[in-house]
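The structure under discussion appears below in the form of structure tokens.
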Amino acid sequence: MDYTRFPRQRYLSGVTALEPMPRLSKALGGKVELWIKRDDQLPGAGGGNKTRKLEFLLADALAQGADSLITCGAVQSNHCRLTLAWARKEGLDCHFVIEERVPNSYDPKAGGNNFLFNLMGVNSIRTVPGGSKMLDEMQKTADELKKQGKKPYIVPGGGSNAIGALGYVSFVDEFLAQINEMRLKVDHLVVPSGSAGTHAGIIAGLFGNNVSLPVNGMNVSRPKDLQEEMVYKLVCSIAEKLNLPPIPRELVVCDGDFVGEGYSRKTESMKEAILMFAREEGILLDPVYTGKQAAGLIDYVRKGKFAPGSRVVFLHTGGDTALFVYQDFLLS
Ligand SMILES: *Cc1c(COP(=O)(O)O)cnc(C)c1O
């Protein structure tokens with residue numbers, strides 16, 4: 001597709017690897033061929049999926065003459081870490097509003113991503129209780145900065161608006177070029193579904209390319225219905241931005257069965273998945289997103305939800321910085 005009319009900073013210098021996972025496939029019975037797309041290895045401090053979205057969001061901020069970014073996230077937000085990293089690269093200030101989705105979970109001395117926020121010298125962190133209206137809270141910070149003569153730009157949570165999601169529309173072009181080059185027929189794509197920009201961008205990109213590859217969204221925070229509604233809303237606004245014909249609602253498929261008690265909450269199936277990927281393939285997942293997504297993948301393979309002989313690609317979106325905050329649980 002053509003995005004040349006949208007400003008874009010190029011942070012990717014090539015394409016991320018698409019690799020087979022033969023040992024994991026075998027450990028799960030050998031009937032399904034598992035592959036992995038390594039977006040955990042995207043550039044940007046710590047890597048991960050937000051870099052694709054930030055190519056478009058940072059470019060939009062710069063085009064508007066912004067000198068400060070404001071964004072929001074949870075206490076161990078990968079999105080906040082990467083927004084800060086790219087802000088530093090561009091010489092912009094960066095401010096966070098952190099949502100305490102688990103009460104009293106913000107610890108200014110915590111490790112993982114929080115440590116990196118401080119290492120990269122975040123300009124300010126303000127915490128708000130779980131369930132706060134994050135856009136309103138970020139607007140408050142923006143108003144404050146404007147009073148100081150600054151030019152703030154608000155990056156939505158997870159970078160998930162129609163601009164940020166263009167990063168995953170363009171991911172589809174990269175992916176299709178790659179599988180065509182490798183002559184690799186793919187039957188399913190398994191993606192994490194959180195703030196929805198990744199999932200929605202992929203659905204819009206596949207539709208725009210007239211490719212009917214089934215996409216399984218594995219939820220990390222919400223039940224099936226709520227998540228599908230949220231993904232589809234974003235799909236529609238991407239379609240509008242790109243002048244695509246209406247996209248069918250049925251293309252959005254989410255599974256909420258692997259969330260456990262909620263966002264960032266521990267589950268046994270997440271732990272098993274992280275250990276399996278680490279020990280069979282030497283691949284590091286994360287406890288909040290890809291660990292639960294992989295729990296879904298493993299469950300589907302075991303239950304025979306993918307036809308025998310099918311080839312399934314797992315999109316690894318990064319996040320391993322948070323592993324170190326879950327050390328005790330993962331090796332208990
Ligand atoms: C943000 C994030 C996701 C979820 O992507 P969304 O576009 O927010 O749905 C998945 N994995 C990791 C590691 C993330 O940081």
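Atoms within each ligand, like the ligands themselves, are counted from 1 in listed order.
Partners of F207 by ring-ring contact (aromatic ring centres under 6.0 Å, His included), not counting sequence neighbours: none found. Checked against side-chain hydrogen bond (donor to acceptor under 3.5 Å, both in side chains), R279 has no partners two or more places apart in sequence or in another chain. For Y106, the side-chain hydrogen bond (donor to acceptor under 3.5 Å, both in side chains) test picks out no residue, with sequence neighbours left out.
Taking each heavy atom of Q178 and V15 in turn, the nearest pair found is NE2-CG2, 4.0 Å.
By the 30° and 60° cut-offs, the orientation of the rings of Y11 relative to W86 is parallel.
Near ligand 1, residues N49, K50, K53, N78, S160, P192, S193, G194, S195, A196, G197, T198, Y289, T317, G318, G319 each place a heavy atom inside the 4.0 Å sphere around the ligand atoms.
If you look at F6 and F56, their ring centroids are not closer than 6.0 Å.
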